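Following: one structure in structure tokens, then a few remarks.
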Number of protein chains: 2
Amino acid sequence: MLSPKNIERLSLYRRILTELKQDGSEFVYSSRLAELSGGNAAQVRRDLMATGYSGNPKLGYSINELILSIDDTLGKSKCCSAILVGVGNLGKALLAYFKNQGAGPAIKGIVDCDKSKIGKKFSGYLCYSIDEIPTLIEETSSRVAILCLPKNEVQEVANKLIKAGIKGFMNFAPIHLDIPDNIFVDYIDMAVSAEKVAYFACRINKNK
Amino acid sequence: MLSPKNIERLSLYRRILTELKQDGSEFVYSSRLAELSGGNAAQVRRDLMATGYSGNPKLGYSINELILSIDDTLGKSKCCSAILVGVGNLGKALLAYFKNQGAGPAIKGIVDCDKSKIGKKFSGYLCYSIDEIPTLIEETSSRVAILCLPKNEVQEVANKLIKAGIKGFMNFAPIHLDIPDNIFVDYIDMAVSAEKVAYFACRINKNK
DNA sequence: ACAGTATTGTGAAATAAATAACAGCTACGA
DNA sequence: TCGTAGCTGTTATTTATTTCACAATACTGT
């Protein structure tokens, strides 16, 4: 029912709300949330509507209550653990990144194909082999996998992960995964992103 | 005229085409490109149309010529250099990532706020201070900046970068930048992305 | 040389997403 | 207590994007 974009924005709003709360605010207007999130006030109201929470026509939204309501909507993601596959440069950076990260799924285990890494610890996590995936996933009850493998290894590993119960991927490898369409994949393609930025940076774009 | 999404897909197609070429193929059909990119054949044809190149109704597209045509369309991004700001875990990982990366803007210099990093080398790049930004940008003729700073430092640094001539950002910091709208920003928010994946992974989504 | 066939290029239709517009509320000040 | 200003909730509109559908096309095999 909610689209990926709705979910993204709700997650974003919650982060902003949490900061506003820390700054001591109690209420916030949709227009302010729009400013802080880079969106439009009408869209903010629409997104928030989807959580079932109603604001006050004079005061705006209660920050506390709104956070709870978004929590409730996204809620199930909290109980959702992740494993990280591929402990190269990027994998290590992501481990550190998500370790200091409150929201979203927590990384519960790491895996690599490289035999030399198996049994070693990274950011406090013991690295397991590909063959141990089913055990690791069962023990951590993970449903999400973060893929930071070289592109020629990803498809095969993804297949194993799906067999072991993974339902969603963040895929940093620059390749499209051929998988059943009840599995969710978010492609994060930094080369493509960089090229896009360069393209628009290198035109004189008067407005927009 | 071309939207960010068009550009993304063109960049993606080019990568796929380059691989097909290495595998020895000479021609490719839109349907095959759609399969490999995770899209739809009509959309592929539409995107390719925008490059001005015409395929052959029986053979499909000449891989060589198509690559050249996409090169030409995205072309200006090649002559576009980038600087990376913030050499933390993520910054270092991205340095390594883009070093082995043919397409898109090449990283030409790095900058950090942390005094202890200035003057040190990372992946072969000497780290400069914030104050040296104008010089660095001029010397490298960079128009793109990759932002891997903590969120409380980003806005200020972004302002300085814009003053020094930067026209496009890849922003990994989880905050919306308040900047003129002739500056392009691509927000890469991994916490939000992770939460989105968790959300969809944790629902039994029959199809889609 | 020509019929057959599978693909391209592209207008039209469908779908999705963002924005605008405004009625209905609710706190607040007089 | 009542009028008012300014916000929310939500419908309507617009805009953007994707998909469909099919005529035009160019190679292949005979």
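Numbers restart at 1 for each chain; the letters A, B, ... are given by sequence-line order, proteins then strands. Remember, predicted model here, so these are calculated numbers, not experimental data. Just so you know, these numbers use all the heavy atoms, side chains as well, and skip hydrogens, waters and symmetry mates.
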(request) For A:Leu2 and C:dA16, give me the distance from atom CG to atom P, rounded to whole Å. (result) 14 Å
(message) Checking A:Tyr13 against A:Asp47: is there a side-chain donor and acceptor pair closer than 3.5 Å?
(response) yes
(message) Without decimals, in angstroms, what is the distance between A:Tyr13 OH and D:dT8 C1'?
(response) 15 Å
(request) Report yes or no: do A:Asn159 and A:Gln155 form a side-chain donor-acceptor pair below 3.5 Å? (result) yes
(request) Check the pair B:Ser129, B:Glu132 against side-chain hydrogen bond (donor to acceptor under 3.5 Å, both in side chains), reporting the backbone distance first and the verdict last. (result) CA-CA 5 Å; B:Ser129 79; B:Glu132 294 168 294; 3.2 Å; yes
(request) Determine the sole option in B:Lys196, B:Glu195, B:Arg203 for which the side-chain contact (heavy atoms from CB on, under 4.5 Å) test with B:Tyr199 is passed. (result) B:Arg203
(request) Choose from D:dA26, C:dC25, D:dT18 the nucleotide whose nearest atom is closest to any side-chain atom of B:Pro57. (result) D:dA26
(message) Give me the atom names and distance for the closest heavy-atom approach of A:Phe98 to A:Ile146.
(response) CE1-CD1, 4.0 Å
(request) Respond yes when some side-chain nitrogen or oxygen of A:Asn56 is under 4.0 Å from OP1 or OP2 of D:dT8, and no when none is. (result) no
(message) From CG of B:Leu48 over to C1' of C:dG9, roughly how many Å is that when rounded to an integer?
(response) 11 Å
(message) Please tell me whether B:Thr73 and B:Thr51 have a donor and an acceptor in their side chains that are separated by less than 3.5 angstrom.
(response) no
(request) Measure the distance from CG on A:Leu66 to C1' on D:dG9 and round it to the nearest whole Å. (result) 14 Å
(message) Please tell me if A:Ser54 has a side-chain N or O lying less than 4.0 Å from either OP1 or OP2 of D:dT8.
(response) no
(message) Between B:Tyr97 and A:Asn89, do the side chains contain a donor N or O and an acceptor N or O under 3.5 Å apart?
(response) no
(message) Does anything in residues 28-47 of chain B come within less than 4.0 Å of DNA chain D? Heavy atoms only, and list the residues if so.
(response) B:Asn40, B:Ala42, B:Gln43, B:Arg45, B:Arg46
Report all interatomic pairs (protein N or O, nucleotide N or O of nucleotides 28-30 of chain D) with separations under 3.5 Å.
none

Using a 3.5 Å cut-off and no angle test, enumerate the donor-acceptor pairs between side-chain atoms of residues 100-110 of chain B and protein atoms at least two apart in sequence or in another chain.
from	atom 1	to	atom 2	distance (Å)
B:Asn100	ND2	B:Ala96	O	3.3
B:Lys108	NZ	B:Ser81	OG	2.9

(request) Rounded to the nearest angstrom, tell me the gap between atom CZ in A:Phe27 and atom P in D:dC7. (result) 15 Å
(request) Please state how far atom OH in B:Tyr61 lies from atom P in D:dA26, giving the value in whole angstrom units. (result) 14 Å
(request) Could you work out which one of D:dT10, C:dG9, D:dT8 sits closest to the side chain of A:Met49? (result) D:dT10
(message) If we count only N and O atoms by modelled type, under 3.5 Å, do the side chains of B:Asn6 and B:Ser3 hold a donor and an acceptor together?
(response) yes
